[in-house]
Amino acid sequence: KCIIISSSIITTHSKFIFKHIFLSCSSSCSNTLFHSIMSTPAEYYRSLPPVSKTYGVACLMTTAAYYLNLYDARSIALFYGLVFKRFQIWRIITNFFFLGPFSFPFAVRLIMIAKYGVSLERGPFDKRTADYVWMLIFGAVSLLVMSVVPYLWSPFMGVSLVFMIVYVWSREFPNARINIYGLVSLKGFYLPWAMLGLDLIFGNPLKPDILGMLAGHLYYFLTVLHPLAGGKFKFNTPLLVHKVVAYWGEGTQMNAPVQSNPSAGIVFRGRSNRLGGTQTTTRSTSHETSGNDSSSSSSTRQQNQGDGVAFRGKSYRLNG
C-alpha cells in the first residue's frame, strides 16, 4: 500500500509540474504553444521553425534508439581520450543529442526546446536562421572548451546546451511573466535562476545548468551587451555558417552574404511553374517587330526582379 500510495503521489506531482511548465509563461510564446496543442500533430510539426525542429527531433530519435537498445550510450559519450587517441571525432557532436533516457526530466528538456527554442527562433532570430545556428554552434564549442577541465567534464552536454537556450530566452524576454506552481510570479529574466533552485530542491545535478548559463551569458555578452556598450569587436556569424545554411535551404537569413541554394532538396532539375499562378507566354509571329520583343522582355525582367525576397533592409534584435 505504501508503494502504491507513493507512486501515485509521484505521478500526481509529475503531472502538476508538467502542467505548470506549459502554463509558466504568459507572453506570446505561451499563446503559440496553446495554439500548437489545439492543432493536429502533423500541423504542429510543420509549423515548427527548422533549427529547433531538427534539434528536437534529433534528440528524440537518439533517445528512442537508446530505448530500443540499438546502441550503447557510451559509444556517443564525450571522452576526450577516445577522441584524440582513437580519433573518434563523432563524440564531439553526438553527446549534444542525448538528453537522457525516456523519463520526466527528458520530457521537460524536450519541452524547453519546443517552447523557448521555438520562441527564440520565431522572435529575436526571426529570418535569422544562420545566426540561430551559429548561437548553438558557439554554445556547443564553449561547453566543449569548459569540459576540458576535469571538474567541469560531463559525458553528455545536451542538457547544458538546452539550458543555454533557456538563458538566452530569459535575456531576450526579460519582462515576460513566469508563474511557478501558481504561487510565485517572476519575470522571464529570473527563469534560469528559478529552474536552478528547483533542481537544487529536487536533488538534480546543478553543474549542467550552471555551464549552460555561462555559455549563454558569454554569447549574449558578445552579441548584445558588448556592442551596446560601444565595443568595437563585432561577433558576427562566420561566412561558413551562412554557406552551410544556404546549402541546407531551410529558413531565411536577412542580409545574408551568400544566396540560398536554389537546388537544395530538389531531386530533379528542370523547368517548373507555380501551381495556381499565372504564366506569361510570348509568341513571336512574322507580324511582330523587334521593338515589341525587346519591350516585352524588359517588362518581364522587371516583373521577375526581386522574386523570393521576403524583406529588404537591416535587421535589429528585439528588445535590443
Side-chain angles (χ1 to χ4, degrees), residues 14 17-18 21 51-118 120 132-170 191-193 195-219:
S14 300
I17 299 175
F18 190 81
I21 289 175
V51 180
S52 299
K53 177 171 61 177
T54 302
Y55 182 59
V57 171
C59 294
L60 180 62
M61 296 302 295
T62 302
T63 301
Y66 173 76
Y67 178 77
L68 298 175
N69 295 323
L70 298 180
Y71 70 95
D72 187 0
R74 292 175 296 181
S75 62
I76 64 172
L78 179 62
F79 295 108
Y80 281 110
L82 298 177
V83 171
F84 294 108
K85 294 181 180 180
R86 299 186 180 181
F87 300 100
Q88 297 180 2
I89 309 299
W90 67 84
R91 296 178 179 272
I92 297 177
I93 302 175
T94 55
N95 74 94
F96 289 102
F97 296 98
F98 187 74
L99 302 180
F102 282 129
S103 59
F104 180 72
F106 170 80
V108 172
R109 293 156 190 164
L110 206 62
I111 291 172
M112 289 179 182
I113 300 175
K115 183 175 181 179
Y116 302 111
V118 170
L120 278 177
Y132 191 71
V133 172
W134 172 239
M135 183 196 75
L136 296 179
I137 294 176
F138 176 80
V141 173
S142 301
L143 292 172
L144 290 174
V145 172
M146 288 186 285
S147 64
V148 173
V149 181
Y151 179 75
L152 303 179
W153 172 82
S154 178
F156 302 102
M157 308 294 290
V159 178
S160 300
L161 187 62
V162 173
F163 211 85
M164 173 197 171
I165 296 175
V166 175
Y167 181 85
V168 175
W169 180 91
S170 68
L191 175 62
W193 304 99
M195 298 182 67
L196 190 67
L198 291 177
D199 286 339
L200 178 63
I201 295 174
F202 294 148
N204 298 326
L206 302 180
K207 183 172 64 176
D209 300 350
I210 296 176
L211 293 179
M213 293 175 65
L214 291 176
H217 183 75
L218 181 60
Y219 173 82

Quiz item: Under the side-chain contact (heavy atoms from CB on, under 4.5 Å) criterion, do Val168 and Tyr132 qualify, and how do the steps go?
Solution: CA-CA 11 Å; Val168 175; Tyr132 191 71; over 6 Å; no
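- Looking at every heavy atom in both residues, Ile113 comes nearest to Cys59 through CD1-SG, 4.4 Å.
- Separation of atoms CD1 (Ile76) and OG1 (Thr62) is listed at 6.0 Å; rounding is to 0.5 Å.
- Under a 3.5 Å cut-off, the side chain of Arg86 and the backbone N or O of Gly81 do not form any donor-acceptor pair.
- Rounded to the nearest 0.5 angstrom, Ser52 OG and Leu136 CG are separated by 7.5 Å.
- A distance of 12.0 Å separates OG of Ser103 from OH of Tyr67, quoted to the nearest 0.5 Å.
- Taking both residues in full, the closest heavy atoms of Tyr71 and Thr63 are given as OH-N, 4.5 Å, listed atom of the first, atom of the second, then distance.
- Atom CH2 of Trp90 has more than 12 heavy atoms from other residues, nucleotides or ligands within 6.0 Å.
- Taking CD1 of Ile111 as the reference point, atom CZ of Phe106 lies at 10.0 Å (rounded to 0.5 Å).
- Phe97 and Phe156 have their aromatic ring centers separated by at least 6.0 angstrom.
- Val159 and Pro208 make their closest contact through CG1-CB, 4.0 Å (heavy atoms, listed as atom of the first residue, atom of the second, distance).
- Across Ala140 and Leu161, no two heavy atoms sit closer than the pair N-CD1, 4.0 Å.
- Without hydrogens or angle criteria, Trp169 side chain to Met112 main chain gives no donor-acceptor distance under 3.5 Å.
- Checked against the 6.0 Å centroid threshold, Trp134 and Tyr219 do not count as a close aromatic pair.
- Phe79 CZ: more than 12 foreign heavy atoms inside a 6.0 Å radius.
- Considering every non-hydrogen atom in both Val83 and Ile89, the closest pair reads O-CD1, 4.0 Å.
- Side-chain contact between Leu78 and Ser147 is present, with at least one heavy-atom pair separated by less than 4.5 Å.
- For the side chain to side chain contact (heavy atoms under 4.5 Å, CB included) test with Tyr55, the passing option among Val133, Val162, Leu60 is Val162; the others fail.
- The CE atom of Met213 sits 7.5 Å away from the OG atom of Ser170 when rounded to the nearest 0.5 Å.
- Asp199 contributes no side-chain N or O that, together with a main-chain N or O of Leu206, makes up a donor-acceptor pair within less than 3.5 Å.
- The minimum heavy-atom distance linking Met164 with Met135 is given by the pair CE-O, 3.4 Å.
- To the nearest 0.5 angstrom, Ser154 atom OG is 6.0 Å from Lys207 atom NZ.
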